[in-house]
Protein chains: 2
Amino acid sequence: MATDEAERLRAVGLKVTAPRKAVLAALDGHGHLDADTVFERVRGELPTTSLQAVYGVLAALTGAGLLRRIEPAGSPALYERRTGDNHHHLVCTKCHTVADVDCVVGQPPCLEPADAGGFTIHTAEVTFWGLCESCRSEPAA
Amino acid sequence: MATDEAERLRAVGLKVTAPRKAVLAALDGHGHLDADTVFERVRGELPTTSLQAVYGVLAALTGAGLLRRIEPAGSPALYERRTGDNHHHLVCTKCHTVADVDCVVGQPPCLEPADAGGFTIHTAEVTFWGLCESCRSEPAA
DNA sequence: CAAGTTGTTTTGAGTGAATCAAAACAACCG
DNA sequence: CGGTTGTTTTGATTCACTCAAAACAACTTG
């Protein structure tokens, strides 16, 4: 549905613009994209869009809770459509591919530290590092 | 002990140099420092050291297992002396202060994902986000 | 302990990712 | 349809980090 994106934008009180719809569409179904890749996809159907607009849109959508932003060490920031379901990530140490994992144990936020050291915690983020299937079967670097 | 650093360098097969000893010393006791802060501290007692040397040293020591490097979203890379004990981190969403927490549940690596999705996992990294004590008592931004 | 080899540090330039700012523009309200 | 508010474009800039070549210092060997 083409208006699906417009709906979601309105629902969080954001103005409906072509770049915003295009960014939402670009991230649909596909897992984890960096700003540059989103930019390329958006350009495909909306060639006047600038990279800065994409950064602005990604920031707005992340702020509004429509997107989640993750920043695995060694990769540029990645954006994904799954939000609010407290899933976590697997990152390949070789090719930096990212996959989703569902919540590791129990209820969100999944974990409580033994001692919070005076902090008021609101989020727990878990990143698993390892080799993905295709990198494991390739000759070692 | 001034030779303590030299010992540790030799133990992992690295040449003993003044910048390396100074970097190890700069990180002693203090929790989590970025490259620039390490650079400033090293400069204090070894004024000819360049920032690039610090980057090189940090990379060498991290590679040798003498330091651990963490990269919380929104902060430059931080280095710490605790390694191999599988502890995790608390990061303040306001001031980006980092504190240590011990392993959350059971034995290292603390967690196993429900479904590894074909990945061969070797590390689990947990980051807790929240407000530190002093940021909580300050007026909100 | 002097010379050579290897690896480190300096010096200087360059990159990628992201941010900032001002002007042109478009969405939504009435 | 006109005005206000917020978005996007255009262009420059920053920050953290990396690359490369030449000068230099640590450990080894004779």
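Just so it is clear: chains get the letters A, B, ... in the order the sequence lines come, proteins before strands, and each one is counted from 1.
Residues B:D36 and B:V16 each lie close to DNA chain D; by heavy-atom proximity, the contact nearer the 5' end of the strand is made by B:D36.
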Derivation of the side chain to side chain contact (heavy atoms under 4.5 Å, CB included) call for A:Y79 and A:L33: CA-CA 5 Å; A:Y79 297 84; A:L33 269 46; 5.8 Å; no

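With contacts defined as side-chain heavy-atom distances shorter than 4.5 Å, the pair B:L66/B:L9 qualifies. In this structure, B:I70 and B:V98 have side chains that are in contact, with non-hydrogen atoms separated by less than 4.5 Å.
In this structure, CZ of B:R10 is placed 12 Å from P of D:dA26, rounded to the nearest angstrom. Between B:R69 atom CZ and D:dA16 atom C1' the separation is 10 Å, expressed in whole Å. Spacing between atom CZ of A:F39 and atom P of C:dA17 amounts to 13 Å, rounded to whole angstrom units. Atom NZ in A:K21 sits roughly 13 Å away from atom C1' in C:dA26 (whole-Å rounding). The distance between atom CD of A:E40 and atom P of C:dA17, rounded to the nearest whole Å, is 11 Å. Spacing between atom OH of B:Y55 and atom P of D:dA20 amounts to 18 Å, rounded to whole angstrom units. Going from atom NE2 of B:H96 over to atom P of D:dC15 covers 16 Å, rounded to whole Å. One interatomic measurement links the two molecules: CD of B:E5 to P of D:dA26, which rounds to 16 Å at whole-angstrom precision.
Under a 3.5 Å cut-off, the side chain of B:T62 and the backbone N or O of B:L58 do form a donor-acceptor pair.
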Sugar-phosphate or base contact per nucleotide [nucleotides 7-13 of chain C; S, B, -; heavy atom under 4.0 Å]: SSSBBBB

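B:L24 and B:R81 make their closest contact through O-NH1, 3.9 Å (heavy atoms, listed as atom of the first residue, atom of the second, distance).
Looking at A:D102 and A:R82, a side-chain N of the basic residue comes within less than 4.0 Å of a carboxylate O on the acidic one, giving a salt bridge.
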